[in-house]
Amino acid sequence: AQSVTQPDIHITVSEGASLELRCNYSYGATPYLFWYVQSPGQGLQLLLKYFSGDTLVQGIKGFEAEFKRSQSSFNLRKPSVHWSDAAEYFCAVGAYQAGTALIFGKGTTLSVSS
Amino acid sequence: GAVVSQHPSWVICKSGTSVKIECRSLDFQATTMFWYRQFPKQSLMLMATSNEGSKATYEQGVEKDKFLINHASLTLSTLTVTSAHPEDSSFYICSAPDRDTEAFFGQGTRLTVV
């Protein structure tokens with residue numbers, strides 16, 4: 001079955017500390033992976049995506065993610081968290097094929113403490 | 001990046017009335033768009049795939065007659081919630097593929113049925 005697992009429902013990080021959000025996937029075809037961020041009452045903003053090539057992907061707002069095929073993981077990282085990073089983060093997987101919707105994880109809520 | 005515009009951002013309607021939500025791709029053409037529903041603190045659940053010039057494809061359990069989808073042009077898909085009831089209150093989000101992959105989302109519509 002195709003699925004995305006985000007093991008951490010809620011994470012609290014001190015401002016300035018590093019962050020890693022975990023994402024594991026199960027997908028039958030070659031996966032294309034995404035991380036989105038959602039602020040309360042807002043739509044989803046694409047942070048980064050991985051299709052192929054370099055397994056370390058750089059995104060916006062200082063985020064990066066590393067694709068590890070052997071571990072079926074696509075963890076999101078940021079070296080130094082800012083208070084404005086507090087939001088809901090979703091990992092998603094899809095196929096590089098028109099007409100194929102993404103499968104989302106349940107999301108991780110990030111809180112940032114001062 | 002590509003821009004997907006969704007309107008309205010929020011709407012309150014009386015029980016029994018219908019509400020139309022628009023999803024536009026502003027700077028690219030989208031033969032396919034996706035409609036999601038998101039309950040509070042939950043992930044996105046795919047409702048239907050909107051196909052330009054043909055009928056939408058609904059996910060299992062989604063009522064076709066209640067959630068009418070029309071994809072009349074390559075830049076516009078609409079979702080009409082017919083005979084809305086309080087249980088239809090939710091956050092609805094559309095997305096459109098950028099080239100061959102789904103990556104960009106609208107801002108979402110908060111529907112409240114009273």
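Letters go in sequence order (proteins before strands), and every chain restarts at 1. All of these numbers come straight from a predicted model, not from anything done at the bench.
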task = Say whether B:Trp35 and B:Ile93 are linked into one hydrophobic cluster, either directly or through other cluster members, by side-chain heavy-atom distances under 4.5 angstrom.
result = no
message = For A:Phe104 and B:Tyr36, I'd like to know if the aromatic rings sit close, meaning centre-to-centre distance below 6.0 Å.
response = yes
ask   = For A:Gln38, is it the side chain, the backbone, both or neither that has a heavy atom under 4.5 Å from a heavy atom of chain B?
value = side chain
inquiry  = For the backbone of B:Phe67 and the side chain of B:Tyr58, can you confirm whether one donor and one acceptor N or O come within less than 3.5 Å of each other?
reply    = yes
request  = May I ask you to decide whether A:Arg22 forms a salt bridge with A:Glu20, counting only side-chain N to carboxylate O separations under 4.0 Å?
outcome  = no
Contacting moiety of B:Gln6, where chain A heavy atoms sit under 4.5 Å = neither
request  = Determine the option with the most heavy-atom pairs under 4.5 angstrom with chain A, choosing from B:Gln42, B:Gln38, B:Met33, B:Arg110.
outcome  = B:Gln38
